[in-house]
Amino acid sequence: MLADAETLMRKAVALARTSKPAYQEQYDFLESLYAAQLKVKPRCRLSLNPLDNEAVRRQWQAGRPLMRRWEFPLDIEAAQELLEAVARAVPAHNQELSGACSAISQALARNPSTKDAVWESFLHHEWNPWGEWLDITGVDLPSLLFVARSCLRPSIERVAEEQLQTACPDDHWKAGYCPVCGSLPSLISLDGDGRRRAHCSWCGTPWLLARFQCPICDNRHHESLGYLYAEQEPGYRIDYCMKCRYYFKTIDARERLWPPWIPLEEWTTFHLDLVAQRQGWKTPPSPAPAVYDADTSAVRS
């Protein structure tokens with residue numbers, strides 16, 4: 001299983017090196033990161049409560065995901081092992097990522113008795129409780145979140161996979177946000193049968209979307225849904241919704257000889273974000289407002 005996944009990943013990186021040379025200086029780092037994540041993931045030790053199949057179905061039919069981001073259990077030792085691997089892989093000239101790795105390492109060294117809380121603080125979606133432990137002076141915050149959540153990603157993916165062993169969302173889940181954690185997709189893909197499949201930006205879970213469906217506002221009227229094709233990239237497009245003004249990047253995998261590696265595609269489609277934003281479409285958030293804004297409102301009330 002691990003060998004198969006690593007083969008898929010390395011093949012995808014090799015193809016990207018030739019097809020997307022604009023991202024050339026990122027490939028060595030990304031390949032090392034993904035290899036380290038794949039190595040750690042099977043060894044993650046996590047505490048999960050068993051789920052009742054019928055309870056899961058009822059929850060999904062009501063449009064409720066199985067958990068929230070801050071409820072994911074973590075393997076802290078795996079996260080720290082990954083932090084060391086990431087720090088070794090960061091290119092010497094990338095001060096943003098280097099600074100992020102140093103900030104987390106220093107926070108863990110200063111707070112050894114609360115290392116679990118330091119890591120868990122990065123599970124939150126809007127607020128930043130990690131500021132209690134980290135000195136973020138001069139630190140690039142997007143790089144900080146990327147490094148921390150990259151270290152947690154194997155635990156998060158393992159949790160999602162374990163939860164999905166109980167039931168398959170394809171038959172019971174109709175919403176545009178993730179059935180496991182309530183996050184929006186980072187990417188959408190079209191499979192061999194032309195089905196639209198969303199890929200969670202938080203836990204990596206794939207789930208089916210309707211042919212015409214905006215993930216963020218659930219608009220299903222084809223007259224107000226459209227798409228843009230990227231020039232010279234027929235395998236990619238930008239889906240947009242005229243109702244909410246948000247967009248999502250889509251990969252057409254139907255004519256590919258090799259399946260896309262979704263985490264890599266997230267990195268090597270930044271130019272599509274620029275195209276969409278220049279056309280006036282808005283970048284979608286990661287946590288779905290329908291789920292997480294409701295949580296925040298409940299807390300405030």
Side-chain angles (χ1 to χ4, degrees), residues 56-66 68-69 125-126 164 167-256 260 262 265-266 269-298:
V56 169
R57 291 183 180 182
R58 288 197 301 270
Q59 194 159 335
W60 279 344
Q61 288 170 348
R64 296 194 303 271
L66 300 181
R68 301 298 190 266
R69 293 181 177 215
H125 71 285
E126 288 183 327
L164 290 177
C168 176
D170 287 356
D171 299 328
H172 308 284
W173 186 252
K174 306 302 180 184
Y177 47 83
C178 177
V180 175
C181 70
S183 296
L184 289 166
S186 60
L187 291 169
I188 297 170
S189 64
L190 300 177
D191 65 17
D193 297 325
R195 295 178 301 177
R196 297 175 75 217
R197 192 170 291 277
H199 301 269
C200 180
S201 57
W202 179 254
C203 68
T205 295
W207 72 96
L208 287 177
L209 293 174
R211 181 182 178 188
F212 296 106
Q213 180 182 6
C214 172
I216 198 164
C217 72
D218 207 44
N219 175 20
R220 302 189 185 213
H221 299 287
H222 67 87
E223 300 89 349
S224 54
L225 296 168
Y227 54 85
L228 300 168
Y229 278 111
E231 292 184 11
Q232 300 179 343
E233 287 189 288
Y236 295 87
R237 76 185 194 198
I238 299 162
D239 291 356
Y240 59 80
C241 176
M242 299 179 199
K243 181 179 178 181
C244 67
R245 304 294 300 177
Y246 283 101
Y247 73 90
F248 291 87
K249 298 178 289 188
T250 295
I251 306 168
D252 190 341
R254 289 175 290 185
E255 296 185 6
R256 289 194 174 206
I262 297 300
E265 296 287 352
E266 292 173 4
T269 53
F270 286 150
H271 58 290
L272 299 183
D273 293 291
L274 295 177
V275 171
Q277 292 160 20
R278 287 170 182 165
Q279 295 287 333
W281 306 109
K282 297 187 293 184
T283 305
S286 177
V291 175
Y292 287 89
D293 286 0
D295 285 344
T296 303
S297 299

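A quick note: this is a predicted structure, and the numbers were derived from the prediction, not measured. Starting from 1, each residue takes its place in the sequence as its number. Excluded from the calculations below are hydrogen atoms, water molecules and symmetry mates; all remaining heavy atoms, backbone and side chain alike, are included.
Under 3.5 Å, the side chains of T250 and R197 contain no donor-acceptor pair of N or O atoms. Side-chain N/O atoms of K243 and S224 include no donor and acceptor closer than 3.5 Å. For S186 and S201, the side-chain atoms include no donor-acceptor pair closer than 3.5 Å. Side chain to side chain, H271 and E233 meet the donor-acceptor criterion of an N or O pair below 3.5 Å. A donor-acceptor contact closer than 3.5 angstrom links the side chains of Q277 and Y247.
Q59 approaches P65 most closely through the heavy-atom pair NE2-O, 2.6 Å. When all heavy atoms of H172 and C168 are compared, the pair lying nearest together is CD2-O, 3.5 Å. The two residues L184 and P287 have their closest heavy-atom pair at CD1-O, 4.3 Å. Contact between P169 and L164 at its shortest, heavy atoms only, is CD-CD2, 3.9 Å. Between T269 and K249, the shortest heavy-atom contact is OG1-NZ, 2.9 Å. Nearest heavy atoms, R245 versus G280: NH2-O, 3.8 Å.
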Going through the distances and angles, do L187 and I251 end up as a side-chain contact (heavy atoms from CB on, under 4.5 Å)? CA-CA 7 Å; L187 291 169; I251 306 168; 3.8 Å; yes

Under the criterion side-chain contact (heavy atoms from CB on, under 4.5 Å), I'd like the reasoning laid out for V56 against L66: C-alpha separation, chi angles, the key distance, then a yes or no. CA-CA 7 Å; V56 169; L66 300 181; 3.9 Å; yes

Evaluate E265 against H199 for side chain to side chain donor-acceptor pair (under 3.5 Å), listing each step before the verdict. CA-CA 11 Å; E265 296 287 352; H199 301 269; over 6 Å; no

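The six-membered or imidazole ring of F248 lies away from that of Y246, with a centre-to-centre distance of 6.0 Å or more.
Without hydrogens or angle criteria, W202 side chain to S286 main chain gives no donor-acceptor distance under 3.5 Å. One N or O on the side chain of R196 and one on the backbone of Q213 form a donor-acceptor pair closer than 3.5 Å. For the pair Y177 (side chain) and G63 (backbone), a donor-acceptor distance under 3.5 Å is present. Distance alone, capped at 3.5 Å, places no donor-acceptor pair between the Y240 side chain and the Q279 backbone.
Comment: D252 does not engage R237 in a salt bridge, judged by the lack of any side-chain N to carboxylate O separation of less than 4.0 angstrom.
Enclosure of atom CZ in F270 by more than 12 non-hydrogen atoms of other residues, nucleotides or ligands within 6.0 angstrom is indicated.
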